[in-house]
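The analysis underlying the following values was restricted to heavy atoms, covering all of them including side chains, and did not include hydrogens, waters or symmetry mates.
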2 protein chains.
Amino acid sequence: MNIGHRIGYQVSDVSHTYFQSFNPQLNEKLPELICEITAQEIEEAVNKAANAFCLYQKISGAKKAQFLKDIVEEINLKEQQLIHLYCLESGLSIERAKIELTRTLLQIENFSNLIQSDTWRNAVKEKADMGRIPIKPDLRKGLFPLGPVVVFGASNFPFAYSTIGGDAVAALASGCTVIVKSHAMHVQTSDLMADLVLKAARKNELPDGVFSHLNSQEIELGKRLVQHPKVKAVGFTGSINGGKAVMKLAQERDIPIPVFAEMGSSNPVVILASALEHDSDKWSTLLCDSIVNGAGQFCTKPGLIFVLDNEKSNEFIKQLREKLFYKDFHCMLHPQIYLNYKKIVQERALKVEIYSKSGDSKPNFGIQAIGVCSDAEFCHHPELQEEVFGPFTLVIKCRDIEKLQKCIAKLNGQLTGTLVYKDEIVSEELIDLIHEKVGRFIFNGVPTGVEVVKAMQHGGPFPSSSDSQYTAVGIDSIYRFTRSVSYQNCPENLLPEFLK
Amino acid sequence: MNIGHRIGYQVSDVSHTYFQSFNPQLNEKLPELICEITAQEIEEAVNKAANAFCLYQKISGAKKAQFLKDIVEEINLKEQQLIHLYCLESGLSIERAKIELTRTLLQIENFSNLIQSDTWRNAVKEKADMGRIPIKPDLRKGLFPLGPVVVFGASNFPFAYSTIGGDAVAALASGCTVIVKSHAMHVQTSDLMADLVLKAARKNELPDGVFSHLNSQEIELGKRLVQHPKVKAVGFTGSINGGKAVMKLAQERDIPIPVFAEMGSSNPVVILASALEHDSDKWSTLLCDSIVNGAGQFCTKPGLIFVLDNEKSNEFIKQLREKLFYKDFHCMLHPQIYLNYKKIVQERALKVEIYSKSGDSKPNFGIQAIGVCSDAEFCHHPELQEEVFGPFTLVIKCRDIEKLQKCIAKLNGQLTGTLVYKDEIVSEELIDLIHEKVGRFIFNGVPTGVEVVKAMQHGGPFPSSSDSQYTAVGIDSIYRFTRSVSYQNCPENLLPEFLK
């Protein structure tokens, strides 16, 4: 059976054009045929989302919380099948699939708990003062959902940042309706997940259009969705170029809308002398694991490592290289991602010294590599700071701490920055420089491993995020999809329930 | 003595080009010569702001609060002179000047109180769990200032939305440094105010560059400031075209920055049948005052009034017209604003019936006018919904409530929307339609009169604001100039004080 779109509760497959997703491990197309989308279907999905929004936005928090709980239940029933499809389409391991699914369920549960009560909507009430001249009015302010939200599935997080991942669940929790554009690389995983979300929606008798799921391998679908006048916000996780294109489309509209894009990051790690003096072995092991984890396809992979140029750091680089090369080759998400990775490492090799693990890899298996350059080379070639999506890191050997700080000052915005040291006194200037560039500042750790808690900030200065004022992880991410409205002297019977 | 720029604590006047501000009441240029800005001076001001930011952002809340308190004290000492210059340059009345100054002082005091403690910075602390596998890290998140902020002075609020108005004081309170581009129409008022801010800064030994004040009548100054890589955010109050131009400049940067622009709004008022049945006289009086207040140059002036077409509403229009015409002509802010007003009313007269007060007005004195059209005409000419800056309102006579709702559905985003009714049952659809379009929803009142309280939302969907997720009035406006940063496993001695 061909895979169609889910336009609200209805499955639609009117087009006679098809595409297929891909098994990167076996390097072959999967047999299932996925329907391309038509303009008519996009229009229907958006109209349904807009109509459903009128009703869904007013449904109580408790009822929405139950909807999210039921999604968790549906997912648990189909865990095996979800993980099977995930591995098939992403080339990632079963262990990774399980961890990611657990995290996805945790995210949904966190939002379900958050919206049980309306506290998160930050009601502020200012009483009238009839004695004041002029009379002071009664004013009540609180958060309301924006409207239909478009979510782009992410290549590297088929569960946690796609169909009912962080963006989609935050939007649904806030009271927005959601249209997911599935990622073309894992449509089958996404379609099954969408089916489960819709089962939970039906069970709660939610309006038709609260959630839709559309598939395409062309850019036209995303373009039409972002430009549709009835769409009010966008969630995106992907490359800088992809994110910038979406931002441009959103800004060019007659009525611009916010885009919450989580884009590339190189996650600089600064290792000071004392750490390599004592713990070179420990840090080379931890960083090696952080670099190759998920074939280096995490947005928080440490892609830049700054050290002081001395004997100890040469030793550290050697250790890191050996440990990286000791690891197996890792299957990447898709041939295109594999080829991009290969190409960018080759380009880097024209500018800096590159060491790659030797031997032949299977098709789509990324060959881990490490680059080494000086602070001068790093500052001379601004492209060296750009994210390399795959198992690669660049070590920058800096002549002294001033040169190191000069490199940090040249960095673009980053999701994370890490400082590793043991017992020296860290200069305030260095701390300030890293702080300015990042959304999360890690001390003596590695950047991979993103806790799903309220204290998490996942989103740093541009271009790591389109809007550093919001987080994409944790319950605070709900605020991306809301705006405040004040009600002035509103009669009790017309006041929104949570402002009474 | 010529008026120079205030580049931090230094007064600078290197250019030999000058301009003058204007007395609209007497229709003549003011004698004082104001230095034009040079590229070099802009560069100096931004560099000072960036350097000062490194220090100022870490100064305690209590010390910043004292700085704001001292600004209030300095302003109180120069109240007479400020009001004199304000009236001279704006053509507005002494009463209006006094009300606006009181409001400005209240705003500063509110922020001073807010930042006495760090509660507003929303610290969230998540303890480490060493027993978990993998170990759960210690995570602490809180709000930090963005960096140097550029504030554009507003033509219609020389005190409350200019030099140390809502944007500037919110930015300073958050820990950002500020560069004000004075509004060319009231540079003298602004320069005196800037002097007072700097006196308070000096008294508190704040770093040179915490506040700068630059003057120009060319657009180049604003352009350079918005595009400068060291500038991190912009506050703007003005026209839709002006705001859009600033947004475009900010988006075209290599590293885009947020623009918080409060732009035009027509502030629709819907009057249902019951209100005109019983209280036509009351509402025509209240609305008349709201329309001509400040010569109709408020961003919350009711510019569109929707009524049902019947005998009662014809009577109401007649009353409103008579009351409007009974008022004196009002001096507008500047000849250019007066001419724009005259032109746009003439353009409207080509499309709808216009009634203007007869008689000759002095130069720059706006002639109050009222337009009347049908719902069909309103829907046919989208430009009829655009803001008219001046003492004009358009009454739309709607055939029935469905037609009225159709008009509302066609509206762009608005700062406010008002519903006036007495005893009929209001349809949920109408409430939802107005809610969707506005930042503040007023019942049985008029939109002018913006309370400076936490429950206030001043900012609605585009184009009334560039970002409907924030408010430009009230202490919550501080959040525009901040972003969250998480500190992971940060040693106590390196943690920012409020995260300890």
Side-chain angles (χ1 to χ4, degrees), chain A residues 54 124-126 134 136-137 139-141 144 146-147 247-248 251 255-258 412-413 416 426 431-432 435-436 438-445 449 451 453-463 466-471 474 476 479-480 482-491 494, chain B residues 54 124-126 134 136-137 139-141 144 146-147 247-248 251 255-258 412-413 416 426 431-432 435-436 438-445 449 451 453-463 466-471 474 476 479-480 482-491 494:
Chain A
C54 297
V124 186
K125 298 169 193 175
E126 192 87 26
K136 185 176 166 189
L139 266 171
R140 295 156 193 241
K141 180 169 79 164
F144 293 84
L146 291 179
M247 287 170 72
K248 192 154 182 282
Q251 288 161 354
I255 307 293
I257 53 172
N412 289 329
T416 74
V426 182
I431 298 284
D432 290 354
H435 170 95
E436 193 193 320
V438 308
R440 178 165 54 112
F441 194 162
I442 300 138
F443 293 78
N444 294 317
E451 292 293 325
V453 293
K454 192 171 162 66
M456 173 54 64
Q457 173 64 23
H458 193 69
F462 191 90
S466 56
D467 188 338
S468 70
Q469 302 187 283
Y470 292 95
T471 178
D476 282 354
Y479 297 114
R480 296 177 295 170
T482 62
R483 68 182 178 99
S484 287
V485 180
S486 283
Y487 276 71
Q488 181 170 325
N489 285 341
C490 181
L494 295 182
Chain B
C54 297
V124 187
K125 298 169 193 174
E126 193 86 26
K136 185 177 165 186
L139 267 170
R140 293 155 194 244
K141 181 170 79 165
F144 292 85
L146 291 179
M247 287 171 71
K248 192 154 182 284
Q251 287 162 355
I255 307 292
I257 53 172
N412 289 328
T416 74
V426 182
I431 297 286
D432 290 353
H435 170 94
E436 192 193 320
V438 308
R440 178 166 54 112
F441 194 163
I442 299 138
F443 293 79
N444 294 317
E451 291 294 325
V453 292
K454 192 171 161 64
M456 174 53 65
Q457 172 63 24
H458 193 68
F462 191 90
S466 56
D467 189 338
S468 70
Q469 302 189 282
Y470 292 95
T471 178
D476 283 353
Y479 297 114
R480 294 176 297 170
T482 63
R483 67 182 179 99
S484 287
V485 181
S486 283
Y487 275 70
Q488 181 170 325
N489 286 340
C490 181
L494 296 181

Pairs of heavy atoms under 4.5 Å with chain A: top-ranked of Lys125(B), His458(B), Arg480(B), Lys454(B): Lys454(B)
Contacting region of Pro258(B) [heavy-atom separation from chain A under 4.5 Å]: side chain
Within-4.5 Å side-chain heavy-atom neighbours: Asn412(B) and Ile255(A): yes
Which portion of Tyr470(B) sits near chain A, non-hydrogen atoms under 4.5 angstrom: side chain
Sub-4.5 Å side-chain heavy-atom contact between Val453(A) and Lys136(B): yes
Contact check, side chains of Pro491(B) and Phe443(A), non-hydrogen atoms, under 4.5 Å: yes
Among Cys54(A), Ser466(A), Pro461(A), residue most engaged with chain B (heavy-atom pairs, under 4.5 Å): Pro461(A)
Structural part of Thr471(B) lying under 4.5 Å from a heavy atom of chain A: side chain
Residue Asn489(B) versus chain A: region with a heavy atom under 4.5 Å: both
Ile442(A) versus chain B, the contacting section by heavy-atom distance below 4.5 Å: both
Distance, nearest 0.5 Å, that separates CE of Met247(B) from CD of Gln251(A): 7.5 Å
Identified side-chain hydrogen bond (donor to acceptor under 3.5 Å, both in side chains) partner of Tyr487(A) from the options Arg440(B), His435(B), Gln457(B): His435(B)
Nearest heavy-atom neighbours spanning Asp476(B) and Lys141(A): OD2-NZ, 2.7 Å
Spacing of CD belonging to Glu451(A) relative to CD belonging to Gln488(B), to within rounding of 0.5 Å: 7.5 Å
Top contributor to chain A interface from Val438(B), Val426(B), Asn444(B) [non-hydrogen pairs under 4.5 Å]: Val438(B)
Residue, of Pro137(B), Gly445(B), Gly147(B), Gly449(B), that accumulates the most heavy atom pairs under 4.5 Å with chain A: Pro137(B)
Exercise: identify the closest heavy-atom pair between Ala455(B) and Ser486(A): O-OG, 2.6 Å
Side chain, backbone, both or neither of Leu146(B) within contact of chain A (heavy atoms, under 4.5 Å): side chain
